[in-house]
Amino acid sequence: MTKGKVLFRFAPQATRDLHIGDLRIALFNYICALQAKDTFLIRIDDTDAEANIEGKDQEILKILSLFHIPVTNVTYQSHNRKFHQQLATKLLMDQHAFSCFCTPESLKKHDCTCEHLSDEAVLNNESPFCVRIKRPQHDITCTDRFKGTMHFKKETIDNFVILRVDKSPSTLFAAALDDMLGDISMIIREEEQLNHTPKEIMIRDYLGYDKEITYAHLPSICDAHTTSLKSLLEEGFLPSAITNYLIMTGNETPTEIFDLQEAISWFDLDKISTVTFDINKLRHINREHIKKTADLELAKFLGYSSQDIGAVAKVYTEEASTINEIKPKLDAIFAKKEPLEFQEEFATLRTVAQKAPFFKEFDDLKAHLAAKSGLKGKEFSTPLRFLLTGSDKGPNLGDIYPHIKNYLGEIIK
RNA sequence: GGCCCGUUCGUCUAGUGGUUAGGACACUGGCCUCUCACGCCGGUAACAGGGGUUCGAAUCCCCUACGGGUCACCA
């Protein structure tokens with residue numbers, strides 16, 4: 001365990017898919033760690049053995065890597081289980097926690113009074129029990145980078161569970177301890193966990209831990225929970241575009257389009273505000289990132305291996321915003337072509353084109369084909385477009401031709 | 001309900017006492033054009049409401065409303 005360093009952490013749950021809200025938090029933690037030149041840690045929350053999904057942790061790490069978030073420092077909370085239990089025992093011995101024999105059903109009828117059971121009564125009770133921490137004796141004050149100083153009255157904090165009946169630590173308890181054991185100094189997380197803060201502080205207070213952890217509770221993205229990262233990637237959004245979007249939205253950025261490296265130089269956590277996920281904006285940013293991607297790399301995203309194809313793909317960003325929208329258009333260029341109209345003209349044109357010499361310029365090819373086929377107007381342009389692109393509409397042929405001219409043999413076969 | 005947080009066009013954002021309240025995405029009108037688009041030039045559209053403070057308030061103060069979150073042996 002690193003001592004005396006500022007540590008940032010991202011703690012995804014192994015119980016569900018990563019959504020864009022999670023990635024946003026991960027990104028912000030990572031960027032802040034880089035800015036502070038400090039360590040960034042990923043801590044997989046797998047304390048709830050029943051809810052864990054087999055392989056989900058690996059999937060999460062794989063996705064994070066796609067977004068250039070390093071997965072070199074990874075720990076699992078379940079590995080600390082014996083420490084969690086030891087510390088719970090300490091709280092029990094110090095009278096800061098107590099055994100509770102209530103069941104979820106009995107709690108619906110009356111409040112838990114196990115706090116006041118005598119030692120003897122506890123020892124003689126053979127029923128299963130969980131361990132609850134005692135509510136604090138003082139009000140708790142905590143500071144948040146965004147919210148400032150907050151006071152929580154002691155009555156508002158209940159005797160919450162720290163060890164479940166099966167003696168596994170509750171998530172909140174495990175997190176509070178792991179932040180302590182891991183010497184974490186800055187926690188950036190979602191606002192919905194704001195009310196966990198006094199409880200975590202209280203746990204550490206009882207244990208005599210006095211290092212102050214800085215909290216930053218970010219206003220969350222509305223609808224984030226319904227937008228899984230996996231599905232956005234499957235729809236053909238580029239990781240770099242998603243990163244750009246998440247950093248840009250609810251923020252004030254010097255430019256609209258940027259990459260992670262640029263963002264590190266100016267990112268300011270204090271400017272983040274509440275946002276609603278807007279797919280249109282993401283689409284726009286994705287288009288811009290497609291244009292910025294190197295031709296060859298882009299071609300690979302599309303399942304091709306030639307630089308030229310990447311270049312054509314960029315031409316299509318004028319009418320498509322995702323990899324998945326562009327791919328069928330490229331595939332159509334090389335597919336077998338069966339036009340629904342101007343079929344005779346198409347056949348004539350194809351024959352002429354197959355015999356035509358190679359032309360460097362599209363205008364020259366066009367002039368040659370027009371002269372040899374005798375076609376003009378729509379009867380020429382529509383089948384020509386179909387012959388070259390497999391579609392009756394699309395970008396200017398003049399913009400596409402330079403990138404496909406070397407594949408003409410295959411295209412018009 | 002208690003506690004916490006928030007509220008500028010549909011969305012994101014500029015604005016920190018004096019602006020025709022600006023920009024971007026989306027939507028939309030025109031031009032361009034072999035098509036759909038792109039591009040260019042336009043357009044619609046916002047300070048949640050009410051009280052103060054002030055010569056003057058989106059901006060400062062108070063109240064209300066609305067929205068979000070949290071109060072689990074879920075995270």
Side-chain angles (χ1 to χ4, degrees), chain A residues 11-16 22 45-48 50-52 77 100-105 107-108 112 128-132 139 142 144 146-148 150-153 155-158 160-175 189-199 217-223 225 245 248-253 255-257 271 273-288 291 314-321 329 366 370 375-386 388-389 391-399:
Chain A
Q13 302 160 233
T15 59
R16 58 172 177 79
D22 297 319
D45 174 358
D46 59 347
T47 52
D48 190 345
E50 266 180 48
N52 284 343
Q77 285 197 277
C100 167
F101 299 90
C102 300
T103 60
E105 292 71 39
L107 283 174
K108 279 177 195 158
C112 170
F129 65 96
C130 66
V131 178
R132 289 178 182 275
D139 292 353
C142 41
D144 181 272
F146 292 102
K147 323 294 180 192
M150 289 171 301
H151 300 279
F152 292 87
K153 290 200 167 56
E155 319 72 80
T156 64
I157 297 171
D158 59 357
F160 59 93
V161 171
I162 57 173
L163 239 43
R164 303 175 183 121
V165 168
D166 66 0
K167 304 303 172 289
S168 66
S170 67
T171 301
L172 191 149
F173 185 59
R189 55 172 22 168
E190 294 227 33
E191 208 168 42
E192 64 187 48
Q193 290 172 335
L194 188 68
N195 290 337
H196 292 186
T197 309
K199 296 181 177 179
H217 288 91
L218 290 174
S220 14
I221 299 187
C222 304
D223 304 333
H225 300 264
Y245 174 75
M248 183 204 75
T249 193
N251 199 354
E252 189 192 329
T253 60
T255 54
E256 184 181 61
I257 306 299
K271 289 184 175 161
S273 68
T274 310
V275 291
T276 305
F277 180 66
D278 181 6
I279 191 79
N280 276 326
K281 196 80 170 186
L282 212 208
R283 287 172 62 78
H284 166 69
I285 289 171
N286 202 52
R287 224 179 296 139
E288 296 304 320
K291 289 183 201 164
K314 288 182 183 176
V315 176
Y316 276 96
T317 56
E318 67 180 47
E319 59 181 52
S321 304
K329 294 173 193 291
K366 198 167 141 185
L375 297 167
K376 55 180 109 167
K378 266 189 107 119
E379 298 183 341
F380 173 68
S381 60
T382 305
L384 174 61
R385 167 169 291 286
F386 200 90
L388 295 178
T389 69
S391 170
D392 55 1
K393 57 188 178 183
N396 291 329
L397 290 175
D399 295 335

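Residue numbers start from 1 in every chain, and the chains themselves are labelled A, B, ... in the order their sequence lines are given, proteins ahead of strands.
No hydrogens or angles considered: a donor-acceptor pair under 3.5 Å links the side chains of A:Arg287 and A:Ser321.
Within 4.0 Å of A:Cys102, counting heavy atoms only, lies at least one base atom of the nucleic acid. When heavy atoms are screened at a 4.0 angstrom cut-off, A:Asp392 is found touching base atoms of the nucleic acid. The residue A:His196 sits close to a base: some heavy atom pair falls under 4.0 Å. Residue-level contact check: A:Asn396 touches the bases, meaning some heavy atom is under 4.0 Å from a base atom. A:Arg189 comes within 4.0 angstrom of nothing in the nucleic acid, heavy atoms only. Within the nucleic acid shown, A:Gly250 comes within 4.0 Å of sugar-phosphate atoms alone, with no base atom in reach, counting heavy atoms only. Within the nucleic acid shown, A:Leu172 has no heavy atom closer than 4.0 Å to any nucleic acid atom. Across all strands shown, A:Asp158 has heavy atoms under 4.0 Å from sugar-phosphate atoms exclusively, and none from any base.
Taking atom CG of residue A:Leu388 and atom C1' of nucleotide B:U35, one finds them 14 Å apart after rounding to whole Å. A:Asp399 places its CG atom 13 Å from the C1' atom of B:U35, with the value rounded to the nearest Å. Computed from coordinates, the A:Ile279 CD1 to B:C12 C1' distance equals 14 Å when rounded to whole Å. Between the CD atom of A:Glu155 and the P atom of B:G2 there is a distance of 14 Å, rounded to whole Å. Between the C1' atom of B:G68 and the CD1 atom of A:Ile221 lies a distance of 14 Å, rounded to the nearest Å. Note: CG (A:Leu218) to P (B:C5) measures 16 Å, nearest angstrom. Atom P of nucleotide B:G69 and atom CG of A:Asp144 are separated by 18 Å, given to the nearest angstrom. Across the protein-nucleic acid pair, A:Phe380 atom CZ and B:U33 atom C1' stand 16 Å apart, rounded to whole Å.
For a distance-only test at 3.5 Å, the side chain of A:Lys281 fails to qualify as a donor-acceptor partner of the base of B:A26.
For B:G22, the paired nucleotide is B:U13, the pair qualifying as Watson-Crick or G-U wobble because both relevant distances are below 3.5 Å. Nucleotide B:G1 forms a pair with B:C71, judged by Watson-Crick or G-U wobble geometry with both contacts under 3.5 Å. Nucleotide B:A65 is matched to B:U7 when pairs are restricted to Watson-Crick or G-U wobble geometry with both distances under 3.5 angstrom. Remark: B:U33 base-pairs with no nucleotide; criterion is Watson-Crick or G-U wobble with both hydrogen-bond distances under 3.5 Å. For B:A58, there is no paired base (Watson-Crick or G-U wobble, both distances below 3.5 Å). The nucleotide B:A45 finds no pairing partner, because no Watson-Crick or G-U wobble arrangement with both distances shorter than 3.5 Å includes it.
For B:C32 and B:G49, the P atoms lie 44 Å apart once the distance is rounded to whole Å. B:U7 and B:C63 are spaced 16 Å apart, taking the C1' atom of each and rounding to whole Å. As rounded to the nearest Å, B:C25 and B:C40 have P atoms that lie 10 Å from one another. Across B:G10 and B:A48, the matching P atoms stand 12 Å from one another, rounded to whole Å. If you take atom P in B:U28 and the same atom in B:U20, they sit 32 Å apart, rounded to whole Å. For the C1' atoms, the distance linking B:A46 with B:U19 amounts to 15 Å, nearest Å. Look at the C1' atom in both B:G29 and B:C34: the space between them is 24 Å, to the nearest Å. B:U16 and B:C60: their C1' atoms are spaced 10 Å apart (whole Å).
Listed candidates were B:C12, B:C3, B:U35. Nearest to the side chain of A:Arg385 is B:U35. Among B:U13, B:C38, B:C4, the nucleotide with an atom closest to any side-chain atom of A:Asn195 is B:C4. Of all nucleotides listed (B:C34, B:C73, B:C74), B:C74 comes nearest to the side chain of A:Thr171. When distances run from any side-chain atom of A:Asp278 to the nucleotides B:C25, B:C74, B:A24, the shortest one goes to B:C25. In the set B:A37, B:C25, B:G69, B:A37 carries the atom at the smallest distance from any side-chain atom of A:Glu319. Nearest nucleotide to the side chain of A:Glu192, out of B:A24, B:C5, B:U70: B:U70. Distance from the side chain of A:Val275 is smallest to B:U13 among B:U13, B:C38, B:C34.
Two residues, A:Gly398 and A:Thr15, neighbour RNA chain B, and the one matched to the more 5' nucleotide by heavy-atom proximity is A:Gly398. The 5' end of RNA chain B is approached more closely, in terms of each residue's nearest nucleotide, by A:Asn251 than by the other of A:Asn251 and A:Val165.
The neighbour count for A:Lys378 NZ, taken as heavy atoms of other residues, nucleotides or ligands under 6.0 Å away, does not exceed 12. Within 6.0 Å of atom CD in A:Glu155, more than 12 heavy atoms from other residues, nucleotides or ligands are found, so the atom counts as buried in its surroundings. Residue-environment remark: NZ (A:Lys393) stays at or below the threshold of 12 foreign heavy atoms within 6.0 Å.
Ring geometry for A:Tyr245 versus A:Phe277: interplanar angle over 60°, hence perpendicular rather than tilted (30 to 60°).
Applying the 4.0 Å criterion to OP1 and OP2 of B:C73, one finds that A:Arg132 has a side-chain N or O inside that range. For the OP1/OP2 pair of B:C74 and a distance below 4.0 Å, the side-chain nitrogens and oxygens of A:Ser170 include no atom meeting the criterion. An OP1 or OP2 oxygen of B:U13 is reached within less than 4.0 angstrom by a side-chain nitrogen or oxygen of A:Ser273.
The backbone N or O of A:Ser168 lies less than 3.5 Å from a partner atom in the side chain of A:Asp166, making a donor-acceptor pair.
Within the model, atoms CZ of A:Phe152 and CG of A:Leu194 stand 5.0 Å from one another, a figure rounded to the nearest 0.5 Å.
With a 6.0 Å cutoff to the six-membered ring centre and a 45° limit on the axis angle, A:Lys199 does not count as a cation-pi contact of A:Phe173.
The pair A:Glu319-A:Lys329 meets the salt-bridge criterion, since a charged nitrogen lies less than 4.0 angstrom from a carboxylate oxygen.
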